[in-house]
Amino acid sequence: MGTEMGIALVLLTAFAWMAGTLVILSAIDRPERKARRQERRDTRAGEHRWRVEYRPVAAGSRPEGRRRHPRARKLRPH
């Protein structure tokens with residue numbers, strides 16, 4: 001076996017070992033990470049629920065004409 005073949009075999013083995021290790025480690029932790037992510041999502045949704053208040057709009061309170069952007073926004077220095 002030549003030197004180049006030996007180097008290629010060692011590099012290929014190292015790459016396969018690292019890929020296998022990463023696959024195994026990610027598979028072990030996946031359900032726990034999924035549960036943690038869902039818990040954070042529920043917590044954030046719970047925090048936002050009480051802050052937002054939707055009020056009904058009185059009839060005729062919206063001006064006719066340009067509906068989306070009534071005035072242009074301008075950048076102002078603070």
Side-chain angles (χ1 to χ4, degrees):
M1 185 161 51
T3 306
E4 293 86 11
M5 247 345 222
I7 292 172
L9 185 61
V10 168
L11 290 176
L12 185 63
T13 304
F15 179 75
W17 180 79
M18 287 183 62
T21 303
L22 290 175
V23 166
I24 290 170
L25 288 176
S26 66
I28 288 172
D29 198 31
R30 187 169 292 141
E32 184 180 339
R33 281 187 290 142
K34 186 176 179 182
R36 216 177 301 139
R37 196 167 42 242
Q38 183 65 37
E39 183 181 339
R40 281 195 307 262
R41 190 178 301 133
D42 292 342
T43 302
R44 282 195 304 263
E47 288 175 1
H48 292 296
R49 266 187 220 126
W50 63 270
R51 284 191 213 163
V52 178
E53 289 183 20
Y54 294 101
R55 298 183 205 154
V57 176
S61 66
R62 291 186 179 170
E64 296 298 323
R66 288 175 43 190
R67 289 182 176 260
R68 288 202 170 232
H69 303 287
R71 63 190 149 171
R73 294 184 181 203
K74 296 179 182 176
L75 296 177
R76 298 181 193 97
H78 290 177

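Every value quoted in this text rests on a predicted model; they were computed, and no experiment measured them.
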Novice: Got a second to check how far R40's CZ is from R37's CZ, nearest 0.5 Å?
Specialist: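 Result: 7.5 Å between the selected atoms.
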Novice: What pairs with T21 under side chain to side chain contact (heavy atoms under 4.5 Å, CB included), at least two apart in sequence or on another chain?
Specialist: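 If we apply the side chain to side chain contact (heavy atoms under 4.5 Å, CB included) test to T21, skipping adjacent residues, the hits are W17, L25.
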Novice: Can you list everything that forms a salt bridge (Lys or Arg N to Asp or Glu O under 4.0 Å) with E32? Sequence neighbours excluded, please.
Specialist: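 For E32 the salt bridge (Lys or Arg N to Asp or Glu O under 4.0 Å) partners, ignoring immediate neighbours, are R36.
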Novice: Between CD of E4 and CG of L9, what distance do you get to the nearest 0.5 Å?
Specialist: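 Rounded to the nearest 0.5 Å, the CD-CG separation comes out at 13.0 Å.
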Novice: Listed by chain and number, what are the salt bridge (Lys or Arg N to Asp or Glu O under 4.0 Å) partners of R33, not counting sequence neighbours?
Specialist: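 R33 satisfies salt bridge (Lys or Arg N to Asp or Glu O under 4.0 Å) with D29 only.
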Novice: With sequence neighbours left out, what residues match I7 under side chain to side chain contact (heavy atoms under 4.5 Å, CB included)?
Specialist: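 Partners of I7 under the side chain to side chain contact (heavy atoms under 4.5 Å, CB included) test: T3, L11.
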Novice: Heavy-atom count around E39 CD within 6.0 Å, excluding the residue itself: above 12?
Specialist: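 At most 12 heavy atoms, drawn from other residues, nucleotides or ligands, come within 6.0 Å of this atom.
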